[in-house]
Number of protein chains: 4
Amino acid sequence: MSTVTAALKPRKSPVQARSAATVGALHTATIQVLTQEGLSRCTTTRVAERAGMSVGSLYQYYPNRDALLAAILEKHLDSVANAIERACHAHRGKPVCEMASALVTAVLAAKLRDPEESKALYAVAGDRGGAALSARGHARIVVAIAAMLASAPDARFDDPATTGTIAFGALIGPVRAWLEGHAEAGFETRLKDHLVRLLTAYLQTHRSRP
Amino acid sequence: MSTVTAALKPRKSPVQARSAATVGALHTATIQVLTQEGLSRCTTTRVAERAGMSVGSLYQYYPNRDALLAAILEKHLDSVANAIERACHAHRGKPVCEMASALVTAVLAAKLRDPEESKALYAVAGDRGGAALSARGHARIVVAIAAMLASAPDARFDDPATTGTIAFGALIGPVRAWLEGHAEAGFETRLKDHLVRLLTAYLQTHRSRP
Amino acid sequence: MSTVTAALKPRKSPVQARSAATVGALHTATIQVLTQEGLSRCTTTRVAERAGMSVGSLYQYYPNRDALLAAILEKHLDSVANAIERACHAHRGKPVCEMASALVTAVLAAKLRDPEESKALYAVAGDRGGAALSARGHARIVVAIAAMLASAPDARFDDPATTGTIAFGALIGPVRAWLEGHAEAGFETRLKDHLVRLLTAYLQTHRSRP
Amino acid sequence: MSTVTAALKPRKSPVQARSAATVGALHTATIQVLTQEGLSRCTTTRVAERAGMSVGSLYQYYPNRDALLAAILEKHLDSVANAIERACHAHRGKPVCEMASALVTAVLAAKLRDPEESKALYAVAGDRGGAALSARGHARIVVAIAAMLASAPDARFDDPATTGTIAFGALIGPVRAWLEGHAEAGFETRLKDHLVRLLTAYLQTHRSRP
DNA sequence: CATGAATGAGTCTTCATTCAT
DNA sequence: GATGAATGAAGACTCATTCAT
């Protein structure tokens, strides 16, 4: 994530089964090294070793370290964005409180499926090149939420984009706090309830008076 | 921020005027380099150069790179925590909606006083050594919020700590989104309103029925 | 030789032919730099340069400067200790004067095979980490000598360990003086004779009277 | 002891009482730092600090680090050489066995007066600039011993210089072994006896047959 | 004079990347 | 294609030395 823009694309698409397995191994290995050693010690050699291959092979799949990190971050962000887009799409036209509940569920499912991964990638997202990817993912999500909100039958959102940004931020904040360990024991058992309450209350603020 | 705990203390306190200036210059320079180059390119050489001094001087005040970063992060976190503690203290016993408004004001004031700094330090907070400091700051804040909430005359919080964590996370999430540029133009003009509405709605969820 | 104990082991054994050559080149280069520049100027860069390779390659074989120096010192000390152990073993039960002669021969052969190396390594042996290795080598040698002495048919040594220490020290002292250049021209032609005389006389001091 | 030749002279002679005290403090401090930290970590700052003064003051007395080390080594070597010269002078014309005893006594007294110092200075003597000083001291000592030996009434030394070198080396070897810790517990109680025996036996080897 | 902050060249060490085998 | 040794630029950190106060 050091250089800024170009040449971050993976070198080959995993057309063959072997490639897919290899790329998967690299993905897993990267997350592990990231988690155990931190971004700055997440070196190509270490990743390759953990993935059971040589550095040379890693470079067969990614043109450089940043591309590897970007690919993994992108995959994560895409999967999160996809999940949220799907949920938003599925709840267009539903009452606001169902939207809130669905959104919370989708966010938690996406972010807590692999907490290690989610947490590890924050560092990647922060360092230079990751910012652009994060921005893109964030934008997709906000657009999806805004569209869903705009379709609510029982509320009127003057500025769905802003409300979407606030809503997503309000969910992500506590999730991130938990991922980063800033939370009391047992916090995650109450997390969903509180987020639903939080989001529902916020969205109902926009309820239209008949 | 690579090493874990020890030896992160500054070397000398800036007692003399010249020293104070030097330390201040280092502080500013670090934020600038962090902002413009990113954490991984925030090297001691670059910071010293930006601060208009030699590396040697930097090392006169901080025993290593991590200590420099930690010092700056700590200062920031402390100031944020102090501000929030102060606000929480001042609004004990007030109605929930006043608490909400005061908390939003305090958080925004603290985080947006120097947006560059706030943003730059996220990377530092994520990298190994910064996590511990963040955790400490976060804990102080949550404790302060919880204490304030517990004193509300018009609401009853069964689990003030959890509510505090959620409340703070819900505020920080959108603020961070904006700091990191994931927000539409003009977002910040609406930010405060939305956050007050968000937080008030959430807290009033706990209103006691007489 | 600055750090005290751990992590002084070489990184990979030179299994392949190329590796063996590389390690050999490092060995030779280190001795040369040590001789021509002294311990404090025996830097990894200079050694690598002299060996005709890059610093990186040096670090492929040794984890740090001290490990490189330790490896070379250890090899030298081991070869000296081995030679002396062999000589002592071979002369068990022989008359004291044969022992003396054999010991002198062994010490001189071992220390003067490569005088440059012997001399260069004195500095390494003195600096922190080298002391432990030296102590070990010295101990092995004294044990070997003591065992040989204890087996003498024509003498009785009440305290073979002490006598061994004195004997070895008495040989090493003049050898070192010569290696370090503190000796008149032509000294080495007379060295062996004098050492044999010295050691024989000393050991016969312990001759048992029938 | 890194640079080779020039500018190693102290800057001012300790004419005033204060100077003498200062120089003495530096001397002591240097030995302490040398002993506790090793040559490579024996920095001017540390020495000055230990001596209770600022680096600047140190540089008032010595033009550079090497000069400081050289001065201290030279002082030590001179005092050893002086003591031995005195002993040798005092025993001219005496029987060989008295010479041997006197020489051992002188060497031990000189080298073991301050064992820490003796040991610490070996590193200094080994690193570049120290070699020349050591050579000079060694030469003085050998000359003195040779002159004494040549005056023996009961022996004839064909080559007093060589015998002197061997004799001194044979004493220094075991002493050094002890100083460096390569010796069994209680070794020093037996050291003198053995050295006297060693040297007497060696020298009497040259006894003239009437 | 003493002080000690500032300097910056010089060390050690790591790591992304290449390429001969 | 895979491998992993070699490269060397770049970063962290130290320390001899100077000089303004």
Side-chain angles (χ1 to χ4, degrees), chain A residues 2-3 12 18-19 22 40-49 52-68, chain B residues 2-3 11-12 14 16-19 21-22 40-49 52-68, chain C residues 2-3 11-12 14 16-19 21-22 40-49 52-68, chain D residues 2-3 18 22 40-49 52-68:
Chain A
S2 305
T3 55
K12 29 175 130 172
R18 186 155 57 131
S19 290
T22 304
S40 61
R41 306 190 57 119
C42 179
T43 69
T44 51
T45 310
R46 262 191 270 263
V47 168
E49 188 183 26
M53 67 184 74
S54 65
V55 230
S57 295
L58 187 158
Y59 277 86
Q60 205 92 63
Y61 293 91
Y62 298 97
N64 53 56
R65 177 181 183 262
D66 285 358
L68 167 67
Chain B
S2 306
T3 55
R11 263 178 172 153
K12 31 176 125 167
Q16 298 160 8
R18 184 154 59 136
S19 295
T22 305
S40 60
R41 307 190 65 122
C42 181
T43 68
T44 52
T45 315
R46 261 190 272 264
V47 168
E49 189 183 23
M53 67 185 69
S54 64
V55 229
S57 294
L58 187 158
Y59 279 91
Q60 205 109 54
Y61 294 94
Y62 298 97
N64 51 55
R65 185 185 106 119
D66 284 359
L68 167 66
Chain C
S2 305
T3 55
R11 265 180 171 152
K12 30 178 128 168
Q16 299 159 8
R18 186 153 58 136
S19 294
T22 305
S40 59
R41 309 191 63 122
C42 181
T43 68
T44 51
T45 315
R46 261 192 271 266
V47 168
E49 188 182 24
M53 68 184 70
S54 64
V55 230
S57 294
L58 187 158
Y59 279 90
Q60 204 109 56
Y61 294 94
Y62 298 96
N64 52 57
R65 185 186 107 121
D66 285 359
L68 167 66
Chain D
S2 305
T3 57
R18 185 156 57 132
T22 305
S40 60
R41 306 190 56 119
C42 180
T43 68
T44 51
T45 309
R46 261 190 270 264
V47 168
E49 188 184 25
M53 67 185 71
S54 66
V55 229
S57 296
L58 186 157
Y59 277 86
Q60 206 91 63
Y61 293 92
Y62 298 97
N64 53 55
R65 177 182 183 260
D66 285 359
L68 167 67

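All values below were derived from every heavy atom in this structure, side-chain atoms included, with hydrogens, water molecules and symmetry-related copies excluded. Residue numbering restarts at 1 for every chain, and letters A, B, ... go by the order of the sequence lines.
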Q: So, for C:Leu68 and C:Leu58, which heavy atoms are closest and what is the spacing to 0.1 Å?
A: CD2-CD1, 4.1 Å
Q: Could you tell me which non-hydrogen atom of D:Arg46 sits nearest to which non-hydrogen atom of D:Arg41, and how far apart they are?
A: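 Looking at all heavy atoms of both residues, the closest pair is NE-O, 2.9 Å.
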Q: Considering just the side-chain nitrogens and oxygens of B:Thr44, establish if one lies under 4.0 Å of OP1 or OP2 belonging to F:dG11.
A: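 No, because none of the side-chain N or O atoms of B:Thr44 sits under 4.0 Å from OP1 or OP2 of F:dG11.
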Q: How long is the span from the OH atom in C:Tyr62 to the OG1 atom in C:Thr44, to the nearest 0.5 Å?
A: 14.0 Å
Q: Judged by each residue's nearest nucleotide on DNA chain E, which is more toward the 5′ side, A:Gly56 or C:Val55?
A: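 Result: C:Val55.
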Q: Taking for each residue the nucleotide of DNA chain F with the nearest heavy atom, is it C:Met53 or D:Thr45 whose nucleotide lies nearer the 5' end?
A: C:Met53
Q: May I ask you to verify if any side-chain N or O of B:Thr22 is less than 4.0 angstrom from the OP1 or OP2 atom of E:dA6?
A: yes
Q: Can you tell me if the side-chain N/O atoms of D:Gln60 get under 4.0 Å from OP1 or OP2 in E:dA2?
A: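 For E:dA2, OP1/OP2 do have a side-chain N/O of D:Gln60 under 4.0 Å.
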Q: Return the value, rounded to whole Å, for the distance between atom CZ of C:Arg65 and atom P of E:dG10.
A: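 After rounding, the reported distance stands at 17 Å.
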Q: Please report the distance, rounded to the nearest Å, between OH in C:Tyr61 and P in F:dG4.
A: 13 Å
Q: Taking only residues two or more places apart in sequence, or in another chain, which ones meet A:Ser54 in a side-chain contact (heavy atoms from CB on, under 4.5 Å)?
A: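 Expected list: A:Ser57.
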Q: Rounded to whole Å, how long is the line connecting atom CZ of C:Arg41 with atom P of E:dC12?
A: 12 Å
Q: Rounding to an integer number of Å, can you tell me how far A:Glu49 CD sits from F:dT3 C1'?
A: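 After rounding, the gap between these two atoms is 14 Å.
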Q: Calculate the interatomic distance between B:Tyr62 atom OH and E:dA6 atom P; express it in whole Å.
A: 13 Å
Q: Rounding to a whole Å, what distance do you find between D:Tyr59:OH and F:dC15:P?
A: 12 Å
Q: Has D:Arg46 got a side-chain N or O lying under 4.0 Å from the OP1 or OP2 atom of F:dT14?
A: no
Q: Give each stem of DNA chain E as a range with a range, requiring at least 3 consecutive Watson-Crick or G-U wobble pairs whose two distances are under 3.5 Å.
A: E:2-21 with F:2-21
Q: I need the CG-C1' distance between A:Leu58 and F:dA2, as an integer number of Å.
A: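 Rounding to the nearest Å, CG of A:Leu58 and C1' of F:dA2 are 13 Å apart.
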Q: Does E:dA2 have OP1 or OP2 sitting under 4.0 Å from an N or O in the side chain of D:Ser54?
A: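 Checking D:Ser54 against E:dA2: no side-chain N or O falls below 4.0 Å of OP1 or OP2.
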Q: On the nucleotide F:dT7, are OP1 or OP2 found under 4.0 Å from the side-chain N or O atoms that C:Ser57 carries?
A: yes
Q: To the nearest 0.5 angstrom, please state how far the OG1 atom of C:Thr22 sits from the CE atom of C:Met53.
A: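 One finds 5.0 Å between OG1 of C:Thr22 and CE of C:Met53.
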Q: Whole angstrom is fine here: how far is it from CG in D:Asn64 over to C1' in F:dT17?
A: 9 Å
